[in-house]
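These numbers come from a predicted model, not from an experiment. In the text below, chain A, chain B and the rest are named by the order of the sequence lines, each starting its count at 1. Note that these values count all heavy atoms, side chains included, but never hydrogens, waters or copies made by symmetry.
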Amino acid sequence: MTPRPVLSPAGWAIFLAAGLVLLVGVPALNLALQPGDALHLPNYLVPLLGKYVCFALLALSLDLVWGYAGILSLGHGAFFALGGYAIGMHMMREIGARGVYGNPVLPDFMVFLNWTELPWYWWGSSSFLFALVMVVAVPGLLALAFGWLAFRSRITGVYLSIITQAMTFALMLAFFRNDMGFGGNNGLTDFKDILGFDLQAPSTRLGLYCLSVVALGLAFLLCRFIVSSRLGRLLLAIRDQENRVRFIGWSPTSAKLLVWVVSAMLAGVAGALYVPQVGIINPGEFAPANSIEVAIWVAFGGRGTLAGAILGAFAVNVVKTYFTAAMPELWLFILGGLFVVVTLLLPKGLLGLLSHVGGLRGMIPGAQRAAPIPASEAEATRG
Amino acid sequence: MVLFRLIAIALALAGLHAGAARADAFDEALTGVRGGYAQVTRGAEALAATGDPRAVDVLNALSEGRLYTAPDDGPIGIGTEQGGDIRLVDPRDGSELGVFGSRDVERIRVNNRVRGAVTAAMGRLQLSSPDPGQRRAAVDGIVREPSPEAAEQLRAAIEREQDTGVRGAMTFALAQIELQTGDREQKLAAIETMKASTDPQARAALGAVSAATAEGAPGADAELHEAAEDAIASVDRTREWLNLLLNIYQGISLGSILLLAALGLAITFGVMGVINMAHGEMIMLGAYTAFVVQQVFRAYAPGAMELYLLAAVPAAFLVSGAAGIAIEQSVIRFLYKRPLETLLATWGISLMLQQAVRLIFGATNQQVANPSWMSGGIEILGGVFLTYNRLIIIVFCLIVLAVIALVLRFSTFGLQMRAVVQNRDMARTMGINTARVDALTFGLGSGVAGMAGAALSQIGNVSPNLGTQYIVDSFLVVVFGGVGQLAGTLTGAMGLGIVNKLLEPYAGAVLGKVLVLVGIILFIQFRPRGLFVLKGRAAEA
């Protein structure tokens, strides 16, 4: 088995072109053109685009485990939120004495609850580097513990989906409690700056946006590297026939565990980039509905293609932004309808449709391996 | 017949005779209520001791200062002011004694001490009231002014008391009084009586005794102290058991709600293997059907409002069942081989259903009223209160469970359903219309969810989000209990409900729930297919 290239030449071309548009084109439209210009990108759109990029990274992380290892996680929002809380804790500490109560050490909500000292798990949150480590470590460790228990017991298919949902639901309830020390209902907010850069300044926002794009690009290459390696071939085999893989002598548990943890870390990074751009993180991010929505981004774009997940996240969220502002009552019908239409009529998603229509099959990275629906999932529950 | 009549006449005569004797005692006691304070007090107590109902009026008048002696040391009468004069009425037979100038009659004067004695005497008098409620109230009054006389009266009252509830209250009150005023033997006996009580007052009273008889205290008494401490421990143990029982009952109540919510899912997910994320919305549709039926009854048949729920339950079954069949026919039947896709599609349906209901009925909560036969409750033991709506839901849920089990076991449809589940291809070969069975099975599961919604509307608010509160729990119940077995669903629901309620006192409601969720996640590691597993040979199953 010879290792495959990470991307085909055409794939590299598209990757670089997309990167150029997002990383050079957007800042240029924002900075170089004057506000009166027709093509000028207003400042308020920059964090919005940054948000989409973070969602795309989250969708990418889900596609890695769902599209390639057959693990439909309905709890990826939990890893995303944990990454967000990790960076949010640091930003809370950076407010320092500028808070409403002016306490140099304790965040406002702790003063409000009459706490006198920081809980132990806030230790180290004043250090930016420590926070960066926690952004990947916390989701990674949770995923490691959860995945080790689940995969070792051969929990697959819908059972796994349901307990991932239970996991994020439990975390949501826990974070809603004031006693948890994470701001309860209100979460963490009122951030002032990060590493000394004012979060309200357009330049900081543009910087965060660019950082998100770079993170997305690197994560995409990492995922491509994983799925085109021998491990990726193994994952596909596990997705389609886990028992046969086990009978041949491979260990599905460790392979699944590896991508599961990588995926959770990527979701954590997405959350950490998301929170400074929207300025708040609260327990609502743990809601099971959020995690399920991520699955529809992936399914809409084209599951098992990586690029499709990114495309789907952008497409669905642009539509969402438009409709929640213009016709809020209609949005849930559209989102719900999307779930039904995509699963019934577009099993390969937008990317599958594009490659079908335009004969672009060879050009879209990974699309040539957009896999048929695995039989094992169906067998698992129909028994 | 003649014999009966003779007996009746004899009894009547005996009654008359007893009444006459009592009247004499009353007359005699009444004349004693005069003179100095001490004399009046004695008179009042003697009057109360007669147990005559008329004494109540006299004692009331006495403590309010409306009892007078007629001129020239005449009979005693109850007076009312009448334009500066006093009109006297004879308390013995209600006849008028005449209207006198306020200076001719002599008011029987009372001070606070007399008034206190009169109140206590009244309490004892009411102990023989024919109304059990009044007797119970009298007991409560007596406890507040403990005295050896009161204890004596109580003992007599306990002798003749017929009502077990009131007698229990009297015995308890007597023990309380004896603890304070009795001799040592009585105190020991009282402590023994209190041991069995669950009343919070018992613990307080025993604590007082224990403190008063502790070493170093003025009334130090090792034996009494030990007995009191012993009794306190016993009372605490009893209360702990009672709390445990109460928690278990609440757990069963929560479990029955979970069971109702999960039963439909046990059919669609457990039997058919369809992950219906719109299951919560089937519950929600049932609750809104109950709301609509209520409004219809209110508008067209206000007289039959009490019975609207009886119409709402089948209506909810039909509405949700029809919605379920529509969903199965339009979406789910195309996805039978793709369970994860079913999950996403049904989630989409649930979003649309929620939004549709929100547009039609508004986003705010709708009130669904309890019929009067469902409100209220019964009290068992001290402070343990069971509400009717919870009791009725427990019973309702058991009935639904039994009906489903019977349908699956004995009806033709149930037989076909089980055949399709066990071997779809073979069932089709045998001539079973599997597509039709699928649709009906899904309709049955959805209909049961609808009935659950009608029941849930009785204990909570009805809102478009109603279903989302139950969806995660329902799935966990089914997964925890084991797929494809009603017994598993029952065990899962009751187990989760009870564990949840037992954890609550220690961990709080939210943390308790979190612990239960974590517990389930861990549990599934060891029993990936739940508590009750269908035995099979397939590697995937």
Visitor: Heavy-atom count check: over 12 atoms from other residues, nucleotides or ligands less than 6.0 Å from A:Tyr121 OH?
Guide: yes

Visitor: Please state whether the side chain, the backbone, both or neither of A:Met167 comes within less than 4.5 Å of a heavy atom of chain B.
Guide: both

Visitor: Using a cut-off of under 4.5 Å on heavy-atom pairs, state which of B:Leu359, B:Leu511, B:Val514 scores highest against chain A.
Guide: B:Leu511

Visitor: Output all residues satisfying salt bridge (charged side-chain N to carboxylate O under 4.0 Å, His left out) with A:Arg177, sequence neighbours left out; order by chain, then residue number.
Guide: A:Asp179

Visitor: Can you say whether the rings of A:Phe339 and B:Trp347 are parallel (under 30°), tilted (30 to 60°) or perpendicular (over 60°)?
Guide: perpendicular

Visitor: Using non-hydrogen atoms only, which part of A:Leu149 is less than 4.5 Å away from chain B: side chain, backbone, both, or neither?
Guide: both

Visitor: Using a 6.0 Å cut-off, check whether atom CZ of A:Arg244 has over 12 heavy atoms from anything other than its own residue.
Guide: no

Visitor: Can you name the closest pair of heavy atoms from A:Leu344 and B:Ser330 and give their distance?
Guide: CD1-O, 4.1 Å

Visitor: I need the minimum non-hydrogen distance between B:Gln355 and A:Glu329, along with the two atoms involved.
Guide: NE2-O, 2.8 Å

Visitor: Does any backbone or side-chain atom of B:Leu343 lie under 4.5 Å from a heavy atom of chain A? Answer side chain, backbone, both or neither.
Guide: side chain

Visitor: Between A:Ala289 and chain B, with a heavy-atom cut-off of 4.5 Å, which part of the residue counts as in contact: side chain, backbone, both or neither?
Guide: both

Visitor: Does B:Met426, at its CE atom, have more than 12 non-hydrogen atoms belonging to other residues, nucleotides or ligands within less than 6.0 Å?
Guide: no

Visitor: For A:Leu338, is it the side chain, the backbone, both, or neither that has a heavy atom closer than 4.5 Å to a heavy atom of chain B?
Guide: neither

Visitor: Checking side-chain contact (heavy atoms from CB on, under 4.5 Å) against A:Val340, which of B:Val331, B:Ile327, B:Leu351 comes through?
Guide: B:Val331

Visitor: Go through A:Ile163, A:Ile292, A:Leu171 and name the one with the most non-hydrogen pairs under 4.5 angstrom from chain B.
Guide: A:Ile292

Visitor: Mark yes when over 12 heavy atoms from residues, nucleotides or ligands other than B:Arg436 sit less than 6.0 Å from its CZ; otherwise mark no.
Guide: no

Visitor: Would you name the heavy atoms of A:Thr343 and B:Glu341 that are closest together and state the gap between them?
Guide: CG2-O, 3.6 Å

Visitor: Are side-chain heavy atoms of A:Phe169 and B:Leu517 found at a separation under 4.5 Å?
Guide: yes

Visitor: Which atoms of B:Ile349 come close to chain A, meaning under 4.5 Å heavy atom to heavy atom: side chain ones, backbone ones, both, or neither?
Guide: both

Visitor: Which region of B:Leu515, side chain (C-beta onward) or backbone (N, CA, C, O), has a non-hydrogen atom less than 4.5 Å from a non-hydrogen atom of chain A, or is it both or neither?
Guide: neither

Visitor: Indicate the atoms forming the closest heavy-atom contact of B:Val510 with A:Leu173, along with that distance.
Guide: CG1-O, 3.3 Å

